[in-house]
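What's counted below: heavy atoms across the whole structure, side chains too, no hydrogens, waters or symmetry copies. Whatever order the structure lists ligands and atoms in, that order sets their numbers, starting from 1. All of these numbers come straight from a predicted model, not from anything done at the bench.
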Amino acid sequence: MSTETYGAAFAVRWMDGVAAAVEREAGRLTDLDAAIGDADHGANLKRGFAAVAEALAKEPPATPGAVLVTAGGLLIATVGGASGPLYGTLLRRAGKALGEAGEVSRAELADALAAGVAAVGRLGGAVPGDKTMLDALTPAVEALRESFAAARSAAEAGALATVPLRARKGRASYLGERSVGHRDPGATSSVLLFAALEEAAAG
Ligand code: ADP
Ligand code: MG
């Protein structure tokens, strides 16, 4: 069992890693969104996480919880699309759940992110199987209880499993049957979130 703990610098590394990944993968996220949405998912996340990375570099918060609350608030404020308030809620709620602790365990992080995922479900009204980011986020936070690597691969499997689904929430749901056969953009960006988390945890 791991007794490792994770502090504010880790959380900043995580958010910087997400910013770098969405910058790198923006074209692919936008192509996925072009197929079943409005072709802005890459640009949305790039703008949001660039603002997060900039703010954290300027004034790094003292605790991992405060890092996530700051990041979430900025995503809500800077991203126009549905994904901004959804990812923003995930991180803000998780940050609040971590409270004032200077260092947290992986188990505490998993609990906090589970609270965040539940808040995303309440905000968007989606459940796993609706072909949204929840299809990757839900199994990922569950697997995070096991390891960072397990969380990343659960997110990957969840995102891949959105391909045959028919979208029941968000813009893609307007397409009905025509959403089948395409990978959900938000579930795909959720993989980047958990890949960056694994990298940040590795140091
Ligand atoms: P928009 O749909 O407003 O253009 P984005 O393109 O940035 O926003 O994000 C689209 C992604 O957001 C979708 O691929 C899906 O994963 C996620 N999404 C949309 N609506 C919901 C919802 N109600 N619940 C959970 N996730 C959602
Ligand atoms: Mg879109």
Checklist entry - Which pairs, with at least one residue in residues 80-113 and sequence neighbours excluded, count as a ring-ring contact (aromatic ring centres under 6.0 Å, His included)? => result none
Next on the checklist: Using 0.5 Å steps for rounding, measure from the CZ atom of Phe49 to the OG atom of Ser189.
Outcome noted: 8.0 Å
Next on the checklist: Quick check: do Leu32 and His41 have side-chain heavy atoms less than 4.5 Å from each other?
Outcome noted: no
Checklist entry - With sequence neighbours excluded, what pairs up with Glu177 under the salt bridge (Lys or Arg N to Asp or Glu O under 4.0 Å) test? => result Arg166
Checklist entry - Taking Thr138 for the side chain and Leu134 for the main chain, is one N or O donor matched with an acceptor at less than 3.5 Å? => result yes
Next on the checklist: Within a 6.0 Å radius of atom CZ on Arg178, are there more than 12 heavy atoms belonging to other residues, nucleotides or ligands?
Outcome noted: no
Next on the checklist: Can you tell me if Arg92 has over 12 outside heavy atoms packed within less than 6.0 Å of its CZ?
Outcome noted: no
Item to check | Nearby protein N/O/S atoms (those under 2.8 Å) for the Mg ion (ligand 2), with water ignored | outcome: Asp33 OD2, Asp38 OD1, Asp40 OD1
Next on the checklist: Tell me whether Thr162 contacts the main-chain N or O of Arg183 through its side chain, where contact means a donor paired with an acceptor under 3.5 Å.
Outcome noted: no
Checklist entry - In order of chain and number, which residues sit within 4.0 Å of ligand 1 by heavy atom? => result Asp33, Asp38, Asp40, His41, Asn44, Gly81, Ala82, Ser83, Leu86, Gly124, Ala126, Thr132, Met133, Lys169, Gly170, Arg171, Asp184, Pro185, Gly186, Ala187
Item to check | Beyond-backbone contact of Leu56 with Pro61, side-chain heavy atoms, under 4.5 angstrom | outcome: yes
